[in-house]
Engineer: 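Here it is, the structure in full.
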Amino acid sequence: MRKSEEDVSAPPARRRGRPPRDRSAPSTSDRILAAATDLFARHGADGASMRDIAARVGIDVSSVHHHFPSKASLYDACFARVFELERATLTPPVRALLAAARSGPAADVVRAMHDLVDAFADFLDDHPQTTFLWLRRWLDPGLHLSLDEAYSLPIYGEIERALLAAATRGLLVEPTPHITVRGLVWAAHGHVTSLAALTARGGDPVTADRERREFRAYAHRFVDRLYAPPGASAVDG
């Protein structure tokens, strides 16, 4: 028996049940991590509760505990998330620096340092919560030491080894690479806090862009003068 024209043109019956999930939307876990990162960056680990985070996401606190059993595990996951993003950004320039340190001339090492500083500054500009998450952690140096060991020292160590490799080849003089790396890191974080203060005071985007350019120019001059051979002019930044 042939179906009537009405049967053919009628829309299919609507299925009952839960609507299909939007695969493009962030998962609940990602939303929790984003909210927790912001709150921990603003208030520190002790200043943000699991209920605060649940309220920010708009879910029940039991749902937060379902994904992250404790605040300590959530705090660690926030640093892991930031580290993953930072590692993805910095791996190419760090590898380029190491390659230059092992086989390139001194000028290539300095230029690779320029590129690395720029990549780090760009990353912090795009993810300013990273700075405040770490600053809150560093307010109490004795707590959460495992975070440093897992999420900052590995990258620092790679850069330090590259500088030592260049020094071993006689390309530059670098007796304290750990001081150089930490000095540049702290300068970059200080730059981010200055931009945040500028924004809080109602500063305009033009001024903020100028400060970004000025910081990069300063970092380039610092690297150039630190690693310029005696009697030689610094590499142009």
Side-chain angles (χ1 to χ4, degrees), residues 30 33-48 53 56 74-94 97 112-141 143-145 147-160 163 177-226 237:
D30 286 342
L33 280 172
T37 299
D38 181 61
L39 289 173
F40 287 146
R42 290 174 182 270
H43 308 294
D46 295 332
I53 295 163
R56 172 69 68 88
L74 177 54
Y75 191 56
D76 185 275
C78 289
F79 279 87
R81 177 173 175 263
V82 166
F83 177 75
E84 183 179 353
L85 293 170
E86 186 176 2
R87 169 70 79 182
T89 299
L90 297 186
T91 291
V94 168
L97 173 63
M113 280 292 289
H114 286 185
D115 293 342
L116 178 56
V117 168
D118 289 345
F120 185 54
D122 289 344
F123 172 80
L124 292 182
D125 282 342
D126 292 339
H127 305 278
Q129 290 171 336
T130 301
T131 287
F132 299 103
L133 193 66
W134 277 110
L135 291 182
R136 292 285 180 181
R137 175 262 169 278
W138 288 327
L139 283 174
D140 195 336
L143 288 178
H144 309 294
L145 292 175
L147 296 174
D148 292 37
E149 295 168 359
Y151 305 126
S152 64
L153 297 183
I155 295 178
Y156 294 178
E158 290 176 22
I159 301 169
E160 291 164 18
L163 294 176
H178 57 293
I179 299 298
T180 298
V181 172
R182 284 158 180 75
L184 287 169
V185 167
W186 274 96
H189 285 307
H191 160 67
V192 172
T193 59
S194 295
L195 285 179
L198 177 66
T199 301
R201 293 194 301 267
D204 62 279
V206 174
T207 302
D209 285 342
R210 187 188 70 236
E211 293 224 359
R212 291 186 182 95
R213 292 193 302 272
E214 289 173 346
F215 172 75
R216 285 156 179 74
Y218 157 78
H220 288 197
R221 290 196 306 273
F222 176 85
V223 170
D224 291 345
R225 292 171 183 173
L226 182 65

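Counting from 1, the numbers follow the sequence of the chain as shown. For the numbers below, each heavy atom of this structure counts, side chains included, while hydrogens, waters and symmetry mates do not.
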Engineer: So which atom in Ala45 and which in Phe40 form the shortest heavy-atom distance, rounded to 0.1 Å?
Structural biologist: CA-CD2, 3.9 Å
Engineer: Of the non-hydrogen atoms in Ala188 and Phe215, which two are nearest, and what is the gap between them?
Structural biologist: CA-CZ, 3.5 Å
Engineer: Could you tell me how the ring of Tyr151 sits relative to the ring of Phe83: parallel (under 30°), tilted (30 to 60°) or perpendicular (over 60°)?
Structural biologist: tilted
Engineer: Using the salt bridge (charged side-chain N to carboxylate O under 4.0 Å, His left out) rule, take Asp209 and Arg212 through it: C-alpha gap first, then chi angles, then the decisive distance, then the call.
Structural biologist: CA-CA 5 Å; Asp209 285 342; Arg212 291 186 182 95; 2.8 Å; yes
Engineer: Apply salt bridge (charged side-chain N to carboxylate O under 4.0 Å, His left out) to Arg81 and Asp30, showing your working.
Structural biologist: CA-CA 10 Å; Arg81 177 173 175 263; Asp30 286 342; 5.4 Å; no
Engineer: Between Thr89 and Pro93, which heavy-atom pair has the shortest distance, and what is it?
Structural biologist: O-CD, 3.4 Å
Engineer: Please report the closest heavy-atom contact between Phe222 and Leu184, naming both atoms and the distance.
Structural biologist: CD2-CD2, 3.7 Å
Engineer: Show the nearest heavy-atom pair for residues Val185 and Tyr156, with the distance to one decimal.
Structural biologist: CG1-OH, 3.3 Å
Engineer: From His189 NE2 over to His191 NE2, what is the distance, rounded to the nearest 0.5 angstrom?
Structural biologist: 11.5 Å
Engineer: Does Glu214, at its CD atom, have more than 12 non-hydrogen atoms belonging to other residues, nucleotides or ligands within less than 6.0 Å?
Structural biologist: yes
Engineer: When rounded to the nearest 0.5 angstrom, what distance separates CZ in Arg42 from CG in Leu133?
Structural biologist: 12.5 Å
Engineer: Mind checking ring pair (Phe, Tyr, Trp, His ring centres under 6.0 Å) for Trp186 and listing every partner two or more places apart, or none if nothing turns up?
Structural biologist: Trp138
Engineer: For Leu143, does its backbone N or O pair with a side-chain atom of Arg137 as donor and acceptor, under 3.5 Å?
Structural biologist: yes
Engineer: Compare every heavy atom of Pro154 with every heavy atom of Asp148, then report the nearest pair and how far apart it is.
Structural biologist: O-CD, 4.0 Å
Engineer: Starting from the C-alpha separation in whole Å, work towards a yes-or-no answer on side chain to side chain donor-acceptor pair (under 3.5 Å) for Asp76 and His144.
Structural biologist: CA-CA 9 Å; Asp76 185 275; His144 309 294; over 6 Å; no
Engineer: Can you sort out the partners of Thr193 under side-chain contact (heavy atoms from CB on, under 4.5 Å), two or more places apart, ordered by chain and number?
Structural biologist: Thr131, Phe132, Leu135
Engineer: How long is the span from the OG1 atom in Thr180 to the NE2 atom in His178, to the nearest 0.5 Å?
Structural biologist: 8.5 Å
Engineer: CG of Leu147 to CH2 of Trp134: how many Å apart, nearest 0.5 Å?
Structural biologist: 5.5 Å
Engineer: Does Arg87, at its CZ atom, have more than 12 non-hydrogen atoms belonging to other residues, nucleotides or ligands within less than 6.0 Å?
Structural biologist: yes
Engineer: For residues 116-127, run the donor-acceptor check on the side chains, cut-off 3.5 Å, and write out each pair with its distance to 0.1 Å, sequence neighbours left out.
Structural biologist:
from: Asp118; atom 1: OD1; to: His220; atom 2: NE2; distance (Å): 3.0
from: Asp118; atom 1: OD2; to: His220; atom 2: NE2; distance (Å): 3.3
from: Asp122; atom 1: OD1; to: Arg216; atom 2: NE; distance (Å): 3.4
from: Asp122; atom 1: OD1; to: Arg216; atom 2: NH2; distance (Å): 2.6
from: Asp125; atom 1: OD2; to: Arg216; atom 2: NH2; distance (Å): 2.8

Engineer: I need the Asp38 CG to His43 NE2 distance, nearest 0.5 Å.
Structural biologist: 7.5 Å
Engineer: Between OG1 of Thr199 and CG of Asp204, what distance do you get to the nearest 0.5 Å?
Structural biologist: 10.0 Å
Engineer: Could you check if a side-chain atom of Met113 sits within less than 4.5 angstrom of a side-chain atom of Leu163, using non-hydrogen atoms only?
Structural biologist: yes
